[in-house]
Colleague: 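Submitted below is the structure of interest, expressed as structure tokens.
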Amino acid sequence: MKAKTIFMVSVVKLFEKIRYIWRRMNWLVRVMILILIALYIMAALAPVIAPYDYRKMHRRYPDAPPSTIYIGSFQFSFSNPYFFSKDEGWKIERPYIYQIKLTDPLERTYEELKDKKYYLSFFRDGSFFSVEEPARIFVLGTDKNGWDLFSRLMMAARVSLTIGFIGVLISFGIGILVGSASGYFGGWTDDIIMRICEIMMSIPGFPLLLLLSMIIPPQFSSTMRLFMIVTVLSFIGWPGLAITIRGMAASIRSREYVMAAKALGANNWRIITRYIIPGVLNYAIISATLSIPGFMLGEAGLSLIGLGIREPDASWGNLLTAAMQNISRLDVMWWILVPGWFIFISIMAFNFIGDFLRDCYDPRMRNIYGIARLFMWNLLPSARIESARIEKVAQEGLVEKGLLKVENLRTYFGTEAGIVKAVDGVGFSVRKGKTLGIVGESACGKSVTALSLLRLIQAPGKILEGVVLFDGKNLLKLNKHQIRRVRGKDISMIFQEPMTSLDPMFKIEDQITEAILEHENLKKNQTQKKALDLLELVGIPSPERAIGCYPHELSGGMRQRVMIAIALSCNPQILIADEPTTALDVTIQAQILELLSELKQKIGMSMIMITHNLGIIAEVADDVVIMYAGKIVEYAPVDEIFLKPKHPYTRGLYQSVPRLGSSALKIKQKLISIPGNVPDPLNLPSGCSFWPRCPYAKEICKKKEPLLKKVGSGHLVRCWFSSHRNSRLQPAIGG
Amino acid sequence: MNPMTRYIIKRLLWIPVVLFFISIICFIVYELAPGDFFSQLAMSPHISPETLNQMRVQWGLDKPVYVRYFLWLWQVLHGNLGTSIAYNCPVLGLILSRAFSTMILSISSIVFTWTLAIPMGIYCALKPNTISDRGISVAAFIGMSIPNFLLAFLLLVLALKTGWLPIGGTISLGYTSLSLWGKILDRAHHLVIPVVVLGTAGMAGLMRLMRAQMLEIKNADFITACRAKGLSERKVILKHMLRNVLNPFVTAGGYMFAALLSGAALVEIVLGLQGLGQLLLKALLSQDYPLIMGSLLISSVLLLLGRLFSDIMLTVVDPRISFESLGKRR
């Protein structure tokens with residue numbers, strides 16, 4: 001690729017990043033950024049802002065107080081009192097000051113000579129503000145040498161802010177290069193570099209800093225000294241960064257796209273610059289922002305001991321030190337410590353911004369929403385306060401059908417981008433001893449439905465409406481102790497990813513016994529025996545060995561069996577299985593399904609099987625619910641679903657399963673799929689959510705949402721066409 | 001021999017090698033600085049150059065660099081850390097005499113920091129982005145952003161004005177005449193300012209770390225699975241979540257202890273505490289090389305041992321980490 005294209009691409013990427021970050025900013029971060037920009041502008045314009053040369057000693061005014069500026073009937077001074085107004089009416093005039101004279105050289109007291117008013121002039125003689133000689137304007141007063149503190153403060157900004165910035169640049173430049181090289185090349189280079197870094201990090205930081213600072217000869221010029229201090233400071237930081245970067249580089253190196261690039265002939269240098277460095281850059285920038293405070297503090301610390309920037313040069317560190325050492329004027333302390341304020345504000349800003357950047361790039365922080373919205377969201381009524389009418393309807397349904405009845409369940413998620421209606425009016429029932437299958441593509445709301453049944457939905461989600469009737473109680477209305485008693489005991493759940501569904505820190509035994517002891521009161525050896533029995537029940541060979549293992553020591557299939565064992569430990573009436581076999585390979589899949597069927601028969605429990613695989617449904621389900629975009633689109637017994645699918649989506653799903661053996665029969669078969677994509681949950685289509693992908697969509701579908709209508713015994717469909725008993729849909733291919 | 005012993009022995013054997021290199025680096029850096037201990041005294045008109053040279057010979061400062069280094073190394077290998085030029089007593093003795101105060105300060109600070117930061121971090125993670133979370137985070141940032149010595153100074157001024165707290169120092173004048181209980185109270189009284197100063201800086205970082213870790217864990221699959229078992233929220237948090245976030249804290253803990261011994265130097269100066277940090281600082285400024293080398297050596301040893309300890313604790317705490325993987329972790 002041409003260099004120019006690469007450059008353009010990276011510029012575009014940079015813009016995207018900035019825009020992303022900008023959108024995520026809250027007001028506080030913006031304030032901090034503005035503060036930093038203001039500080040750097042102040043530093044850049046320091047010679048203009050400062051009325052006097054910072055090295056000029058105003059010998060006739062040692063330890064002068066801050067000048068009082070008179071503006072009409074107001075007087076401003078940074079010392080006592082800060083902002084004072086005389087009540088002589090509100091006059092605003094041109095500001096002026098009086099000349100001051102030293103009255104007592106020992107006590108360093110001054111008096112104002114009120115004979116002549118010296119008016120402030122702005123933008124004269126290359127200064128932002130100044131007064132005519134012989135008056136002097138000391139915004140912050142002078143120190144014992146007669147230096148104007150305000151001028152020095154402005155010039156000091158240059159020094160301190162530069163030290164932070166450039167020091168970090170150097171330190172991180174070295175760290176990134178060394179770390180990337182070490183992580184990428186590996187082998188000897190890696191070993192040696194890492195040993196060196198380890199040794200350097202074993203020397204205590206601050207003493208090393210001092211040792212290095214003492215090397216700088218005291219007679220160096222100010223710029224040389226500044227340069228040397230920056231170098232010394234950067235010397236300390238880079239080993240730590242190099243070690244982390246090396247880890248990241250090593251992991252990037254083993255990624256597939258890097259290996260592919262290598263196979264295509266890219267040389268080492270190219271790989272480092274194109275893949276490794278961009279990959280570590282995010283972390284490096286965040287680290288850099290968070291390290292700048294360290295550099296500024298390092299400089300301040302050095303100044304405290306006298307090894308930092310030396311007078312007559314000014315840095316915030318040495319101004320602060322000078323102030324702390326001349327603490328004779330305790331009552332006016334706070335303005336003496338103004339350098340401290342500046343250091344503090346700069347460090348705060350960098351820390352804030354660095355932390356904010358870190359949150360930006362953290363994929364887990366994606367759902368952060370503002371305080372106000374959270375407050376409003378929390379105020380929304382949840383399903384605890386529910387209308388009696390729906391309950392009554394559901395109650396009737398329950399008596400009819402059996403074990404569990406869900407009616408009008410609504411679970412919404414409040415995200416920054418809007419409200420996601422994950423489950424939008426779902427209702428079904430589970431019969432005793434039977435399996436209900438819930439089918440749908442990803443993000444259709446099936447997992448959220450399952451979690452809602454047991455009230456496992458966490459913020460920003462909320463179950464807003466609905467009734468879940470079980471055993472004569474509405475589960476959504478129970479308090480937290482009561483629902484805890486249902487979880488794991490009457491209704492259990494197993495999850496999709498066996499890798500991450502077991503706590504890696506505890507042995508299998510602990511996790512099973514925890515579940516048992518939560519609901520039953522058994523003695524220790526009894527629980528252990530029960531755990532072993534359970535493991536045997538789910539078909540784990542040598543349970544005595546497995547029981548002492550940690551989750552990471554078992555295979556995926558084993559872990560899933562353990563999860564099933566945990567779920568069954570208290571003989572639940574309903575088992576909710578959320579895609580239990582999706583993460584497993586096909587042979588294990590078959591075993592697990594068989595196991596579940598066996599257990600179902602043995603114990604006589606009902607099951608809710610959530611999956612996107614129609615094959616599984618065909619095998620295990622008795623009733624089927626098809627979900628799309630948070631709603632039920634078809635609900636029927638399993639035979640009906642396969643023999644007489646009514647909803648276009650169901651038909652689409654059915655058709656997209658390829659037929660085995662078609663090539664042997666020499667039937668030409670295209671891979672049929674449902675055109676289009678799953679709708680964006682924040683932007684659902686109007687009317688029927690499926691119309692953009694539906695081959696039968698008509699005008700009415702785009703305008704009005706169809707309701708669930710009965711089309712056969714126990715068969716409900718949500719479609720304007722299929723709702724008719726004799727629908728004109730073509731029969732499904734292959735019957 | 002089980003893997004743990006083998007690992008420990010390997011690490012322990014590596015420590016002297018590291019120390020050797022550290023000593024070389026420190027010695028070289030020290031030598032690069034102009035002058036030696038007696039250079040400052042050269043400023044004074046009362047002391048003649050001949051006397052200074054005589055003292056140099058007495059202390060062996062006239063010998064070339066490498067000779068001095070090997071003499072020092074030889075000494076150390078025999079267990080003798082040398083004699084401080086400034087104090088004219090054995091380095092080891094000096095360090096040990098200050099060690100007690102510094103140890104108390106370090107331990108108190110660590111206890112203060114951790115007992116406050118961990119619960120606050122957990123609380124903030126459980127209610128993220130509420131006003132209390134934001135408020136505590138901002139307070140943590142403020143604590144993190146004030147330079148240590150400045151905070152010490154401000155508290156000192158506060159103590160001066162209000163008289164509630166002693167103005168620096170570790171013990172009061174009449175310490176030796178107090179009862180045991182009185183002694184403990186006296187020390188505690190003097191510890192308030194240093195512990196607050198040292199604690200606030202560390203607390204912020206720790207709290208943010210705990211908050212970030214807990215937020216990460218909160219959405220883990222197994223936490224939902226634990227809730228589905230019917231466990232109480234408290235158990236889920238304290239038993240499962242906490243165990244899983246311990247990892248970086250074990251590492252942090254190992255570093256914290258060693259860092260406190262040297263990083264508190266500035267605070268010790270401002271508050272007038274007789275600690276190890278201040279000792280090292282004075283030694284550095286006066287170029288008292290036996291004391292410098294001895295202190296640095298001991299600090300480095302503590303750092304390395306702290307790191308070894310935290311690595312071992314990692315294997316204890318996290319069953320996924322074995323001793324083999326620790327080697328690759330570096």
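Lettering of chains follows the sequences in order, A, B, ..., and the numbering in each one begins at 1. Computed from a predicted model, the values in this text were never measured in an experiment.
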Colleague: Heavy-atom distances under 4.5 Å only: say whether B:I25 touches chain A with side chain, backbone, both or neither.
Modeller: side chain

Colleague: Which region of B:S232, side chain (C-beta onward) or backbone (N, CA, C, O), has a non-hydrogen atom less than 4.5 Å from a non-hydrogen atom of chain A, or is it both or neither?
Modeller: both

Colleague: With a 4.5 Å cut-off on heavy-atom pairs, point out which of A:L28, A:I216, A:L456 contacts chain B the most.
Modeller: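 Most pairs with chain B among the choices: A:L456.
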
Colleague: Under 6.0 Å from the ring centre and within 45 degrees of the ring axis: does the NZ or CZ of B:R320 meet both conditions for the six-membered ring of A:Y550?
Modeller: no

Colleague: For A:I199, is it the side chain, the backbone, both or neither that has a heavy atom under 4.5 Å from a heavy atom of chain B?
Modeller: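 Both the backbone and the side chain of A:I199 come within 4.5 Å of chain B.
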
Colleague: Please look at B:A228 and chain A and tell me whether the side chain, the backbone, both or neither of the residue comes under 4.5 angstrom of a heavy atom of that chain.
Modeller: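 Both backbone and side chain of B:A228 come within 4.5 Å of chain A.
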
Colleague: Given that the side chain runs from C-beta out, which part of B:L246 has a heavy atom under 4.5 Å from chain A: side chain, backbone, both or neither?
Modeller: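 Interface part for B:L246: neither.
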
Colleague: Run the numbers on B:D288 and B:K282 for salt bridge (charged side-chain N to carboxylate O under 4.0 Å, His left out), then give the verdict.
Modeller: CA-CA 8 Å; B:D288 183 354; B:K282 284 213 180 123; over 6 Å; no

Colleague: Which of the residues A:M493, A:M563, A:Q511, A:R485 is involved in the greatest number of heavy-atom pairs with chain B at under 4.5 angstrom?
Modeller: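 Result: the option with the highest number of such pairs is A:Q511.
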
Colleague: Using the test ring pair (Phe, Tyr, Trp, His ring centres under 6.0 Å), find all partners of A:F356 that sit at least two apart in sequence or belong to another chain.
Modeller: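 For A:F356 there are no ring pair (Phe, Tyr, Trp, His ring centres under 6.0 Å) partners, ignoring immediate neighbours.
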
Colleague: Classify the ring geometry of B:Y289 against B:F27: parallel below 30°, tilted from 30° to 60°, perpendicular beyond 60°.
Modeller: perpendicular

Colleague: For A:L307, which atoms come within 4.5 Å of any heavy atom of chain B: side chain, backbone, both, or neither?
Modeller: side chain

Colleague: Nearest 0.5 Å, what's the CZ-CG distance between B:R11 and B:L308?
Modeller: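 The CG atom of B:L308 is 5.0 Å from CZ of B:R11, to the nearest 0.5 Å.
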
Colleague: Tell me, side chain or backbone of A:L212 under 4.5 Å from chain B's heavy atoms, or both, or neither?
Modeller: both

Colleague: Is the count of non-hydrogen atoms from other residues, nucleotides or ligands lying under 6.0 Å from A:K507 atom NZ greater than 12?
Modeller: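 Atom NZ in A:K507 is not packed in, count stays at 12 or less.
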
Colleague: Can a donor-acceptor pair be found, under 3.5 Å and without considering hydrogens, that links the side chain of A:S492 to the backbone of A:P572?
Modeller: no

Colleague: Sort out for me which of A:C197, A:P293, A:G301 touches chain B most, counting heavy-atom pairs under 4.5 Å.
Modeller: A:G301

Colleague: Side chain, backbone, both or neither: which part of A:M499 has an atom under 4.5 Å from a heavy atom of chain B?
Modeller: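 Neither part.
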
Colleague: Write out, in numerical order, the residues from residues 513-520 of chain A with a heavy atom short of 4.5 Å from a heavy atom in chain B.
Modeller: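 Interface residues of residues 513-520 of chain A: A:E514, A:A515, A:E518, A:H519.
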
Colleague: Can you tell which part of B:V17 gets under 4.5 Å to a heavy atom of chain A, answering side chain, backbone, both or neither?
Modeller: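 Contact with chain A is absent: no heavy atom of B:V17 under 4.5 Å.
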
Colleague: Can you tell which part of A:F352 gets under 4.5 Å to a heavy atom of chain B, answering side chain, backbone, both or neither?
Modeller: both

Colleague: Can you say whether B:K218 sits under 4.5 Å from chain A via the side chain, the backbone, both, or neither, judging by heavy atoms?
Modeller: neither

